[in-house]
Protein chains: 2
Amino acid sequence: MKKDKSGCDLSTCMFCRLCVPEWRPAIQAHKQTYTVKKGGLLFKEGDPVQGIFFLFSGSVKVHKHWGEEKELIVRFARRGDIVGHRGVGSTQLYPVSATALEPVEVCFIPLEFFQASLKVNHEFLYAMMLFYATELQDSEQKMRNLVNMPVKGRVAYALLLLAEKFGQDAEGNIDLILSRQDLASYTGTTYETAFRVMSELIQEQAIAVSGKSIAVTDTAKLQVYSQLQ
Amino acid sequence: MKKDKSGCDLSTCMFCRLCVPEWRPAIQAHKQTYTVKKGGLLFKEGDPVQGIFFLFSGSVKVHKHWGEEKELIVRFARRGDIVGHRGVGSTQLYPVSATALEPVEVCFIPLEFFQASLKVNHEFLYAMMLFYATELQDSEQKMRNLVNMPVKGRVAYALLLLAEKFGQDAEGNIDLILSRQDLASYTGTTYETAFRVMSELIQEQAIAVSGKSIAVTDTAKLQVYSQLQ
DNA sequence: CGAACAATTGAAAAGATTCAAGAGTTGTGG
DNA sequence: CCACAACTCTTGAATCTTTTCAATTGTTCG
């Protein structure tokens, strides 16, 4: 791991990686690295935007709320991902919350410094634009799935996506501890329905559950459910 | 209307407006303006990305397909809006189609020139990044609505959004001729369901229909349906 | 141990889709 | 100007999916 003086892992921190060397000292001065424990909030929907977060380790869910009860998980983020960028734009408020699913180490960049960097560092700005463009594509792909797929297809699709993003061990276990409730919120359904669908998938030996982790055992079966048409 | 030599309306063309004056001649040389008739395609999902479109007049729907029958309208665009930017990113293919709802005049910028402009024009790049960020927020807002709102709420929300975006005349008619089928595709439901919901809203005098245009007559009632919680 | 919370299951209800069929519109060619 | 075909519009009824409610079991943790 290449780390800079403040302990920032250059291989995973997009911000530090993209900054030209001369800027490093300024970044050192502005960024803050700290940890958030499991269940802790990085920021909350409706809060004024303070800055951007880069994750060094751990994982978080990014979610939008609906009344007191309901939520929709928009995205999961892990080591190397950016969080809080959804606050950049017209409004001054975060449109989503970010909650740690396990202890996370974050690199926090205050908004003013982040924006100043964007203004000065063309490469970084370009990378950020591409990043937003990709996020937009993903978001709309997910939107179509939510609208046109039955729950089973959405769960299958979600598991394939998570397996790819978080990786799997030898047994196929996805490297993310995910509660049924969170899976339900991610696939836009209720806890009970998510549970029932999971049971079916286990029955069909498409997936397996051991302890708290979920394993994809038959990718092809899941692909059938998450297929177009 | 301030127009440049090629007939580009500077007040509505984000691209031309953001370009520094010295760049205008180069733009003139690269961009193409032409019209697409009603029902015509600007580009199709899966096509290789050729460039970006800026709309001078008319309106288009941006939609994703699902098998042969189903589609989800992701967004409507009008005068001044950008279309085709969803193709920018990892893949080389448009993730959506764009179809003219009425005759449109477009300013087409080939991708290479668009990207070259981004590389050179910092202001433009910054504006594009903010634009993507805003689109992302809108997309996720819509996603939450699709997941958590009943159809009636989604239709109500859609109509309020369209009224705001496209404007209304004295009678409240939204300045966009929208078929029930398109409204259904936009709200992620079927033609019949959209029809029934519209009938209810007419009954409740929240909206009115005269000819092909839809009028919002009682904003407050629609807001109740599209409300959070 | 007991309290709180997560998991599990069944049954009823709600919401939306699908199918089907008839009414109304539009456009075309004779 | 009418007849016909091809649409879109409109409505009812059956069906399916998903949610909701409710009740029971299992697990965790102070």
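For clarity, every value in this text was computed on a predicted model and none was experimentally measured. Here is how names work: the chains are called A, B, and so on, in the same order as the sequence lines, proteins then strands, and each is numbered from 1. Atom set for the values below is all heavy atoms of this structure, side chains included, hydrogens, waters and symmetry mates excluded.
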Student: Is the B:F108 to B:F54 ring centre distance short of 6.0 Å?
Tutor: no
Student: Would you mind reading off the distance between A:L183 atom CG and C:dA6 atom C1', rounded to a whole angstrom?
Tutor: 15 Å
Student: At less than 4.0 Å, is any side-chain N or O atom of A:Y191 found next to OP1 or OP2 of C:dA6? Yes or no.
Tutor: no
Student: Quick one: sort the B:Y34 and B:F53 rings into parallel, tilted or perpendicular, breaks at 30° and 60°.
Tutor: perpendicular
Student: In whole angstrom, what separates B:D182's CG from D:dC9's C1'?
Tutor: 15 Å
Student: Over how many whole Å does the gap from A:E200 atom CD to D:dT18 atom C1' extend?
Tutor: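 Atom CD in A:E200 sits about 12 Å away from atom C1' in D:dT18.
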Student: Look at the rings of B:Y191 and B:F195 and say which category their plane angle falls in: under 30° parallel, 30 to 60° tilted, over 60° perpendicular.
Tutor: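 Correct class here is parallel.
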Student: Is it true that A:F76 and A:Y186 have ring centroids separated by less than 6.0 Å?
Tutor: yes
Student: Should A:R75 and A:E135 be marked as a salt bridge (charged side-chain N to carboxylate O under 4.0 Å, His left out) after you check the CA-CA gap, both sets of side-chain angles, and the distance that decides it?
Tutor: CA-CA 10 Å; A:R75 164 177 176 254; A:E135 287 271 299; 3.4 Å; yes
Student: A:R154 side chain to A:N145 main-chain N or O, any donor-acceptor pair under 3.5 Å?
Tutor: no
Student: I need the CE-P distance between B:M198 and D:dT10, as an integer number of Å.
Tutor: 9 Å
Student: Quick check on the helix from C:dC1-D:dG30 to C:dG30-D:dC1: what's the angle between its two end axes, five base pairs per end, to the nearest 10°?
Tutor: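 Its terminal axes enclose an angle near 30°.
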Student: Going 5' to 3' along nucleotides 19-30 of chain D, which nucleotides have protein heavy atoms under 4.0 Å from the base (write B), which only from the sugar-phosphate (write S), and which from neither (write -)?
Tutor: BBB---------
Student: Could you check how far CD1 of A:I202 sits from C1' of C:dA7, rounded to whole Å?
Tutor: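 Value for this atom pair: 12 Å.
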Student: Rounded to whole Å, please give me the gap between CE in B:M149 and C1' in D:dT18.
Tutor: 19 Å
Student: Do A:E102 and A:K61 meet the salt-bridge criterion of a basic N to acidic O distance under 4.0 Å?
Tutor: no
Student: Between B:Q203 (CD) and D:dT10 (P), how many Å, whole number?
Tutor: 12 Å
Student: Pair B:D175, B:K165 - check salt bridge (charged side-chain N to carboxylate O under 4.0 Å, His left out), show working.
Tutor: CA-CA 9 Å; B:D175 189 17; B:K165 170 153 191 162; over 6 Å; no
Student: For the CD1 atom of A:I207 and the OG1 atom of A:T219, what is their distance to the nearest 0.5 Å?
Tutor: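 Spacing of CD1 (A:I207) from OG1 (A:T219) equals 12.0 Å.
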Student: What is the separation between atom CD on A:Q181 and atom P on C:dA7, rounded to the nearest whole Å?
Tutor: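 So the CD-P distance, A:Q181 to C:dA7, works out to 9 Å.
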